[in-house]
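Only heavy atoms go into these numbers, but all of them, side chains included; no hydrogens, no water, no symmetry mates.
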Amino acid sequence: LFLAVAAAAEATESAGRPRWQTFGTNSGCARSTAAALSPSQVGEGSAPSLEECQRRCAEAGDACRAVEFRAASGSCHLLAEAVRESHTSEGAECVRKLETHQTEVYVMLPLDVICSPQHITDPGGLDRMFDGLHSAGIDGFMVDLWWRLTEPRPREYTFTAYRQLFEMARA
C-alpha cells in the first residue's frame with residue numbers, strides 16, 4: 001500500500017497554545033452515536049463559542065484531549081480520550097487537540113477496489129482492511145475515482161460503488 005503523509009490541514013500552531021483539528025460541522029466525537037460522550041468526559045457545561053470550549057480544554061492540560069461543541073445549545077463537552085473518528089451529529093462540532101508533532105497518515109486503497117459502477121471488488125476483504133487501518137491508527141484513506149466507471153454513457157453518472165465504499169468506511 002502506498003502511504004501518504006500530510007500535515008493536518010485544519011491545524012494551527014502558536015507558541016504555548018495547542019493545535020486543533022476539526023472533524024467539520026455536524027460531527028460528533030466518536031465512531032458512532034452509541035459510543036458518543038462516554039464516561040471519558042473531563043467535564044461539561046455551556047460556552048458561548050467553540051473557541052471558549054477549546055480554551056477550557058487547553059486550561060485542563062493533558063486531562064482534556066478533545067471537545068464536542070453544540071452552538072445552538074452552547075453545550076461544551078471536554079473529553080479525556082484522544083478522538084480519532086467522528087460520526088454525523090446534526091449541530092455538533094468535534095475538535096481534537098493535536099500532539100505537538102502529530103502528523104496525519106493516509107493510506108492509498110488498491111487501484112482495483114472498485115470493479116464496476118455498482119460493485120466493490122472484494123467487500124469482505126475491504127472490510128477487513130478498514131478494520132486493520134483503524135487498529136493501526138491510520139487517519140484516513142485515498143481512493144482513485146475511475147471516470148469510465150462513474151460515467152458509463154455520456155452525461156449518465158453513477159457513484160453507487162463509491163457510496164458503498166464510503167458507507168463501509170463509516171461503519
Can you list every pair that meets salt bridge (Lys or Arg N to Asp or Glu O under 4.0 Å) and has a residue in residues 105-125, with sequence neighbours left out?
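Pairs touching residues 105-125 that pass the test: none.
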All side-chain hydrogen bond (donor to acceptor under 3.5 Å, both in side chains) counterparts of [X], not counting sequence neighbours:
X      : answer
Glu59  : Arg55
Arg155 : none
Arg128 : none

Got a sec, which residues hit side chain to side chain contact (heavy atoms under 4.5 Å, CB included) with Leu145, two or more places apart in sequence or on another chain?
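Checked Leu145 against side chain to side chain contact (heavy atoms under 4.5 Å, CB included); matches are Trp147, Thr150, Phe159, Tyr162.
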Mind checking what makes side chain to side chain contact (heavy atoms under 4.5 Å, CB included) contact with Ser49, not counting sequence neighbours?
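Partners of Ser49 by the side chain to side chain contact (heavy atoms under 4.5 Å, CB included) criterion, ordered by chain and then number, come out as Glu51, Glu52.
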With distance as the sole test, does [X] use its side chain to make a donor-acceptor pair with the main-chain N or O of [Y] at under 3.5 Å?
X     : Y     : result
Glu68 : His77 : no
Ser89 : Gly28 : no
Asn26 : Thr88 : no
Lys97 : Ala58 : no
Trp20 : Ala66 : no

With no hydrogens and no angle check, do the side chains of Thr22 and Arg96 hold a donor and an acceptor under 3.5 Å apart?
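Their side chains do not contain a donor-acceptor pair, so the 3.5 Å distance test is not met.
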Have Gln164 and His119 got a donor and an acceptor in their side chains that come within less than 3.5 Å?
no
Value rounded to 0.5 Å, distance of CG in Leu79 from SG in Cys94:
7.0 Å
For the residue pair Phe130 and Phe141, categorise the inter-ring angle as parallel (less than 30°), tilted (30 to 60°) or perpendicular (more than 60°).
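Rings of Phe130 and Phe141: tilted, 30 to 60°.
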